[in-house]
Amino acid sequence: MLVNGTKWLDTDGNPIHAHGGHMLQYDGYWYWYGEDRRDNIYVSVYRSKDLTNWEFRNHVLTTESKTEPIRVRTDLKLKNEDEETPVAAGADNADSTKRRRYKINLERPKVLYNKKLNKFVMWAHYENGRNYLCAGCAIATCDTPDGDFVYHGSFNPFGYMSRDCTLYQDADGTAYFLSASRDNADMHVYRLTEDYLNVEELVAKLWQGEYREAPAVMRREDGKYFIYSSYCTGWAPNQGKYAWSDGINSRFSLLEDFGDDTTFRSQPAFILPLDTEQGKQYIYVGDRWSGSEYFSSSYIFLLIKFDEKGMPYITWNDNFELDPVKGYTEL
Ligand code: GAL
């Protein structure tokens, strides 16, 4: 049994740090990637066959990760910087300096398997730690799902700001990168190149001026696409919304409410689709952030239900069981 919003432990008994994360199904396992801000770590990965017991596998991206340029011109800086600034004249300790560490943020990492390269490709949101103005996307790749990823740097897609983000792989293998642009005012949808190493085209700008972030995408069996997102209030949760469309490149509906006025105190991380004996299921995975105490942030997993018009909704349940065959069962 799993309890929503509590501390979840991996199979070694340590808290799972996979915040703002993503799951990838590959070769009999689900890999759960996410933010891990401890020490020099950026992204960690866990894996499971049963979706309940998670084995820690690797800190796949850290300040020490290998960097390697690619054809896209990027900024390869991955190490945090210490900077000393002189203390202002006249102050008691005027002769000394203040030391400050600027810690890079790599947020909301998402990973897809790319067939053309036979590699795992990660996209994330990059900030330099000095200000919140980089608003870049960052890319890394690896030959295995849980090996040491090689960092290929950060950039602004077509020159745009790019913050909260997600990846979505369509049924035909085409991948899309969604990210909040123009200081979070607009949500951009980019189609990626065949090797997932660059954006190819900005295919949509959604909800201009509506400040949506934390995007998560799913496609239902009937071919409808849903994008879930939050409003822009930092760590504090707010009313989740969704919109639907007949194609990821097509016109999206207006935003409709999803969950209660705090989305059950969570913000979307990703949607987990499962083929179960109960049929196709889609699980909403949200981060329950604890902004002031980041490492006690937890997760909530809720089953997405559909009303008679085929529109999604979630209800709260504390406890559940999750199994790839039996699916998600509310307790
Ligand atoms: C949220 C964002 C999180 C994190 C947080 C920091 O808006 O969705 O990923 O960046 O702000 O304040």
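Remember, it's 1-based here, ligands and their atoms both numbered in the order they're listed. Throughout, residue positions are numbered sequentially from 1 according to the sequence presented.
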Check your understanding: If you measure from the Lys or Arg side-chain nitrogens to the Asp or Glu carboxylate oxygens, is any gap between D260 and R265 under 4.0 Å?
Key -> no

Review point. Centroid-to-centroid, Y42 to Y151, below 6.0 Å?
Key: no

Check your understanding: Relative to ligand 1, is R163 under 4.0 angstrom through side chain, backbone, both or neither, heavy atoms considered?
Key -> neither

Point to revise | Which segment of Y132 sits under 4.0 Å of ligand 1 when only heavy atoms are counted | key: side chain

Review point. Hey, would you say the W8 and F301 ring centroids sit under 6.0 Å apart?
Key: yes

Check your understanding: Starting from atom 9 (O) of ligand 1, which protein heavy atom do you reach first, and at what distance in Å?
Key -> R108 NE, 3.0 Å

Practice item. For atom 8 (O) of ligand 1, grab the closest protein heavy atom and report residue, atom and distance to one decimal in Å. Key: D164 OD2, 2.5 Å

Practice item. Can you sort out which atoms of ligand 1 are near G234, meaning under 4.0 Å from one of its heavy atoms? Key: 1 (C), 7 (O), 11 (O), 12 (O)

Review point. Looking at R108 and D164, does any basic side-chain N land under 4.0 Å from a carboxylate oxygen?
Key: yes

Revision key, fill the gap. Checking heavy atoms under 4.0 Å, the part of H125 that sits near ligand 1 is neither

Practice item. Any atoms of ligand 1 less than 4.0 Å from a non-hydrogen atom of E107? List them with their elements. Key: 4 (C), 9 (O), 10 (O)

Check your understanding: Is R37 close to H19 at the side-chain level, that is, under 4.5 Å between some pair of heavy atoms?
Key -> no

Exercise for review: Look only at interatomic distance and state if W289 has a nitrogen or oxygen under 3.5 Å from any nitrogen or oxygen of ligand 1.
Suggested key: no

Review point. Would you say the side chain of L112 lies within less than 4.5 Å of the side chain of Y196, judging by non-hydrogen atoms?
Key: yes

Check your understanding: Below 3.5 angstrom, do we get any N/O pair linking E213 and ligand 1?
Key -> yes

Review point. Is D82 salt-bridged to R99, going by a charged N under 4.0 Å from an acidic O?
Key: yes

